[in-house]
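Report on one structure; see the data block that follows.
Start at 1 and go down the list; that is how both ligands and their atoms are numbered. Values in this document were obtained by computation on a predicted structure and should not be read as measured data.
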Amino acid sequence: MAIVEDEKSEVFLLQLYHQVEMTEDILVPGGILIIKDPYLKLTADGRHGLRVDHVSDAVFLLAHDRRVPSCWHSELTNPQLKSADFWKTKGKGFLVNQDIRPQLNIFDVGSLLIRQSGSRGRGLFTTKAVKTGDLMFCEKAFAYAFHEGEGTSGDSSRLTMNLLIDVNANSFTSGAQPELITMLVRKLYRNPSLTSAVKGLHCGSYSPVQGTFDIIDGMPVIDSFLLTRILLLNSFGCKFPEKAGALKRPVGIDRLGNVFPSLGLWTFASHMHHSCLSNAFCSFIGDMMIVRAIADIPVDAEITIQYLNPFNPQRQQKYIINWAFACDCAMCEDDDHTSDIVIAKRKRLGESLQQLLRLLSRRGGSSGTAGIASLIRKSSDLLAEMEETYIKPTEEVPRLTLWVGYRDFACALTLTGAGLSSNAQKAIEIGLKALRCLRFVIESGSLGSNQGLVVKKWGYMASGELDCWICLKTAYDCTGSHELALAAEGCAKVCYRIQLGEAETFQ
Ligand SMILES: C[S@@+](CC[C@H](N)C(=O)[O-])C[C@H]1O[C@@H](n2cnc3c(N)ncnc32)[C@H](O)[C@@H]1O
């Protein structure tokens, strides 16, 4: 907030939105600006204040500008208002001796094409077949806001929290979203040539201000409401998987444990549509997005990703509220036909299983006792009961709750009684079952057969597949089946590469 006066010496409070600095830092004493299309609003103390939402509506003038009212000429002594020549010389100084290369923003898009996808708008399609784990493209963020929460900065006195209030939708956003909006607005305002990258992005039902992005008075017209809408519909949150915590900076976490992902806009990637049964996965290294295939994808097939975590029970409502579409995938359809009673039953069985697995972990090492055998039997019974709650075959709809149960059971068996061959054998049987719940088609993999372990078809990417393959590798090693262990490790590496973007750091 700053106090400004006009040529008639009338005084107002002024608020500028979407500026890099606070209003009072930009409006130095003596500074002059033109406000186009002034919007007067009632302030909290009952007076009138000026509010500027679109950055292009505030035009800052240099002292020498002919548009400065003549009545102020004698007052223009502010040393901070430097001439254009001063800034040109300073800018050239920065460039001297620097290696300025053309910036490459998107890599490896030779096998992809943006085209219409029925009534859904533009989508991304393959122009050649790709295999599971293959890199489809990498893209550098057009704009990226890293959100550092209290938990990561460690200095709560420096913590600032931005809130973006949408009075129309009666909602608010916090975390990196408000920062990203301001960043994007500033970037486009300062670099008119970049507006073409954002111009046609999906903005839902919003009608942009007339002349948006046209150059007026040497600067582009920036409609900040349009950019807000574009970001709400097209930006990606980057939550790094836990395994990546040591390698990459993870999300910000506040003192209540709320997670604020970093957020960015990747203009090419933003053309990917959603499917809960997606065939691609995005990972992030800093602000570089890496998109890999999570299934074998034929030529001319649409690339899809999951906009939200498939375990989120509210995801269907969120697709409608946040992106204005209803997901019609087989998984959402199956959810619609699954009664609350069945969902509650799966939840109850899952909780009982976790209790048994905790006991199993505590008794690790003393395997072979009747107690352990009974825990294993009871766990298997619970999972068999859960299995009966599913109607659709796994090939049509992955069984997510069952997957979590089998995966955790396999890990508990491997980690607790790893040295014992009987537990390891059971862990292999359960681990393979877990992966089949996700539609993996795995040939052989059983002990004693000499057919090895071959993944004929990769399954669904939920979370924790990497853990499951590592458990299988450990269990194969415990039984002396080193070739199978190597094959399981190879599969773990594929999962690692998909989830983290690269496999160079895989150990
Ligand atoms: C990031 S944009 C995707 C690209 C957009 N179609 C375009 O033309 O630029 C997100 C929008 O795509 C549409 N969309 C995404 N996934 C969809 C799906 N599974 N079914 C229908 N519409 C979908 C929705 O309109 C959503 O708001």
I'd like to check which ligand 1 atoms, numbered from 1 as shown, lie under 4.0 Å from a non-hydrogen atom of H274.
15 (C), 16 (N), 18 (C), 19 (N)
When you measure from atom 9 (O) of ligand 1 to every protein heavy atom, which one gives the shortest distance, and what is it?
R122 NH2, 2.8 Å
Please answer whether the main-chain N or O of F281 pairs with a side-chain N or O of R292 as donor and acceptor at a distance below 3.5 Å.
no
Atom CZ of F325 with >12 non-hydrogen neighbours under 6.0 angstrom
yes
Taking distance alone, with N or O pairs closer than 3.5 Å, would you say R120 contacts ligand 1?
yes
Please confirm whether R436 makes a cation-pi placement over Y406, using NZ or CZ under 6.0 Å from the six-membered ring centre and within 45° of the ring normal.
no
What atoms in ligand 1 come closer than 4.0 Å to a heavy atom of G121?
6 (N), 8 (O)
Which atoms of ligand 1 sit under 4.0 Å from any heavy atom of L233?
1 (C), 27 (O)
Protein contact to atom 24 (C) of ligand 1 [nearest heavy atom, distance to 0.1 Å]
W323 O, 3.5 Å
Of the protein's non-hydrogen atoms, which lies at the shortest distance from atom 3 (C) of ligand 1, and what is that distance?
S270 O, 3.4 Å
Which protein heavy atom lies closest to atom 25 (O) of ligand 1, and at what distance to 0.1 Å?
H202 NE2, 3.5 Å
Can T338 and Y390 be counted as having a side-chain donor-acceptor contact under 3.5 angstrom?
no
Is it true that S275 lies under 4.0 Å from ligand 1, counting heavy atoms only?
no
Best match, F236, F325, Y307: closest heavy atom to atom 17 (C) of ligand 1:
F325
Should the proximity of Y319 to ligand 1, defined as any heavy atom under 4.0 Å, be assigned to the side chain, the backbone, both, or neither?
neither
So, D223 side chain and V209 main chain: donor-acceptor pair closer than 3.5 Å or not?
yes
Can you tell me if NZ on K347 sees more than 12 non-hydrogen neighbours from other groups inside 6.0 Å?
no
Provide, to 0.1 Å, the distance between atom 15 (C) of ligand 1 and the closest protein heavy atom, together with that atom's residue and name.
H273 CD2, 3.3 Å
For the student: nearest non-hydrogen atoms of Y144 and A141, plus distance:
CB-CB, 3.8 Å
F225: what forms a ring pair (Phe, Tyr, Trp, His ring centres under 6.0 Å) with it, not counting sequence neighbours?
H54
